[in-house]
Amino acid sequence: MTDLPPIDPANWDEYRALAHRMLDESLDYLRDVRARPTWTKMPDAVRRTLADTAIPRSGRGDAAAYDDFLELVRPYPNGNIHPRFWGWVMGTGSPQSAMADFLSAVVNPNVGGFDQAPVLVEQQVVRWYAELMGFPATAGGILVSGGTMANVLGLAVARTARAGWDVRTEGLRAGPALTVYGSTETHGWLKKSCEFLGLGETAFRRVPVRDDFTVDVPAMAAMIAEDRAAGLRPFCVIGTVGTVQTGASDDLVALADLATRESLWFHVDGAFGAMAALAPHEAARAAVRGMDRADSVAFDLHKWGYLPFDVAVLLTREDKALTDTFAMQAAYLAAEARGLMSTGGIHFADRGIELTRSFKALKVWMTMRAQGTDLLGQHIARNIDQAAYLATLVRAEPELELLAPVPLNLVNFRYVAPGHSAEQLNALNKEILVRLQEDGVAVPSGTTIRGAFSIRVAITNHRSREDDFDALVAGVLRLGRELARR
Ligand SMILES: *Cc1c(COP(=O)(O)O)cnc(C)c1O
């Protein structure tokens, strides 16, 4: 064999010095995040380098690669760690959870299964969250990469449990067309999942919402009855805690009653909203009421859990529901009485779609142990208070208009100028939004609410302070006046 340069550091002392520099500079970067713009557009030269660099056939060394990162990458992310980032729904992360991710990658275990501590760590955080969400001790769960993944797996479990025939063996063709019911405000994961699972988009029966953007439950019941009469096979009811547009939460008690009456699976998408279960807050209590009656709940920890991407949880009321859908028997994965394949641990690969699985549980476990779930709940409650505060600022300002109720942590509003048509107002507010982003002042995102373009502020950010919302309102008023004058 020829003597190759190692993949590990050739000189550990030299690499140790570089690694310490990386850590120190990363901590400075996080400590000083507030001093930087929320978002910085990439210069053309950076864009070109990232697009056009040829395959690096021979390496330039660790220090040069780190310099490339500092020059080309770190200054130009989408900005979600910033205190004035409230776009879409994203989380912020923290230095401690970033360090936990590093420690996880250092140990680099395969958490698909095996008799090992990392498996028990994941099982423990799943149990803790099951308890926090009001699920029984028989509940099962798994960490996955995001809300979309947790929801699609939940829908697959629902399909296996309630199709009425053996979908795993026979496939969808062996029975009538399956249908699932969710409001028109349901996040895009449901359409994608119906397509992905082979149900087809038309399997998603879109139920109208009421004025407060929550699902019209009697309308859902009527659709289910009509579909049954037409020979379709309803299998699942979807409720949302915290819709992506306005933060509305469906009446989960009524949906649970309906699902029970109709023998349907009840799945809750609580991507960010489920985390309200941790908050000592009346609005939060109201949002999650009835969630403990769901058959499955999906929620992100990388949004309102403030952890770095990507991590989310799927919980099922019964652990068996997960293995009924995902367990497979492979000779090379057979359990043994002793050794690494002993059943001392829980086989997570039998509870989801992935075989090899990362140790994302470590950042969940370490931050829960370090900070406690009470503090997490207090920050979630503060975000709800901040949304109420922003809504108060908007209501107090005649040039601003609130476009939807604010039941949780999302605020939709716009700038209004006299003498502008509906289209002009939409164009004006789109321009205000883009200018806020380009100037680096703040990053809300946009949406359209009943025809009106809305500046949408989703607060899942533990770094935001009250004066950040003052700055946002001042920025919108300044830009609105400037642009309306033209
Ligand atoms: C963000 C979100 C999702 C999707 O979660 P990802 O982690 O982005 O995949 C689903 N539903 C709602 C309500 C969301 O806000």
Side-chain angles (χ1 to χ4, degrees), residues 78 80 85-93 97 129 133 141-156 158 180 182-197 204 206-207 209 213-215 236-250 252 255 267-277 284 287-288 291 294 296-315 352-354 358 360 363-364 380 383-384 387 404 406-412 443-447 449 454 456-461:
N78 65 282
N80 52 295
F85 187 100
W86 308 295
W88 304 273
V89 186
M90 298 189 198
T92 35
S97 51
Y129 266 106
M133 298 299 163
I142 183 167
L143 299 187
V144 293
S145 56
T148 301
M149 191 55 99
N151 277 307
V152 70
L153 296 188
L155 194 65
V180 48
S183 89
T184 51
E185 294 292 303
T186 308
H187 184 277
W189 73 266
L190 184 52
K191 174 181 177 320
K192 211 184 214 180
S193 300
C194 284
E195 294 168 3
F196 179 64
L197 293 175
F204 170 20
R206 289 180 170 79
V207 184
V209 292
F213 299 97
T214 66
V215 69
C236 186
V237 162
I238 307 288
T240 301
V241 184
T243 60
V244 68
Q245 288 256 96
T246 69
S249 295
D250 292 329
L252 303 181
L255 289 179
H267 175 79
V268 169
D269 173 15
F272 60 91
M275 292 300 286
V288 300
M291 186 169 73
S296 51
V297 181
F299 54 98
D300 279 307
L301 297 176
H302 63 210
K303 287 178 177 171
W304 227 355
Y306 309 125
L307 293 180
F309 308 136
D310 33 25
V311 59
V313 186
L314 171 64
L315 295 176
I353 201 76
E354 292 165 324
S358 76
K360 48 172 91 63
K363 61 188 166 196
V364 187
I380 291 167
N383 284 159
I384 297 172
V406 182
L408 213 57
N409 59 329
L410 264 81
V411 182
N412 281 279
V443 176
S445 55
T447 189
I449 305 233
S454 163
R456 176 177 159 287
V457 178
I459 311 169
T460 49
N461 191 327

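Computed from a prediction, not measured in an experiment: that's the story for all the values here. Note that ligands are numbered from 1 as they come in the structure, with each ligand's atoms numbered from 1 the same way.
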Report yes or no: does S249 contribute a side-chain atom to a donor-acceptor pair with the main-chain N or O of G242 at less than 3.5 Å? yes
Among all protein non-hydrogen atoms, which one is nearest to atom 11 (N) of ligand 1, and what is the separation to 0.1 Å? D269 OD2, 2.7 Å
Between K363 and L307 (side chain of the first, backbone of the second, donor and acceptor by atom type, cut-off under 3.5 Å), is there such a pair? no
Atom 6 (P) of ligand 1 - nearest protein heavy atom and its distance: G147 N, 3.4 Å
Contact region, H302 to ligand 1, non-hydrogen atoms below 4.0 Å, reads side chain
Side chain, backbone, both or neither: F272 near ligand 1, heavy atoms under 4.0 Å: side chain
How are the rings of F299 and Y129 set to each other: parallel, tilted or perpendicular (split at 30° and 60°)? tilted
Do any N or O atoms from the side chain of D250 and from the backbone of V215 form a donor-acceptor pair under 3.5 angstrom? yes
What part of T148, side chain from CB on, backbone N/CA/C/O, both or neither, has a heavy atom under 4.0 Å from ligand 1? both
Can you pull out the closest protein heavy atom to atom 2 (C) of ligand 1? Residue, atom name and distance to 0.1 Å, please. K303 NZ, 2.3 Å
Which donor-acceptor pairs under 3.5 Å do side chains of residues 142-149 form with protein atoms, sequence neighbours excluded?
none

When you compare ligand 1 with T240, is there at least one nitrogen or oxygen pair between them that comes in under 3.5 angstrom? no
Quick one: list whatever passes side-chain hydrogen bond (donor to acceptor under 3.5 Å, both in side chains) with D269, sequence neighbours left out. N151, W189
Of all heavy-atom pairs between I380 and A276, which one has the smallest distance, and what is that distance? CG2-CA, 4.2 Å
Counting each atom of ligand 1 from 1 as listed, which ones have a heavy atom of D300 under 4.0 Å away? 5 (O), 6 (P), 7 (O)
Closest protein heavy atom to atom 12 (C) of ligand 1, given as residue, atom name and distance to 0.1 Å: A271 CB, 3.2 Å
Numbered atoms and elements of ligand 1 in range of G242, under 4.0 angstrom, heavy atoms: 13 (C)
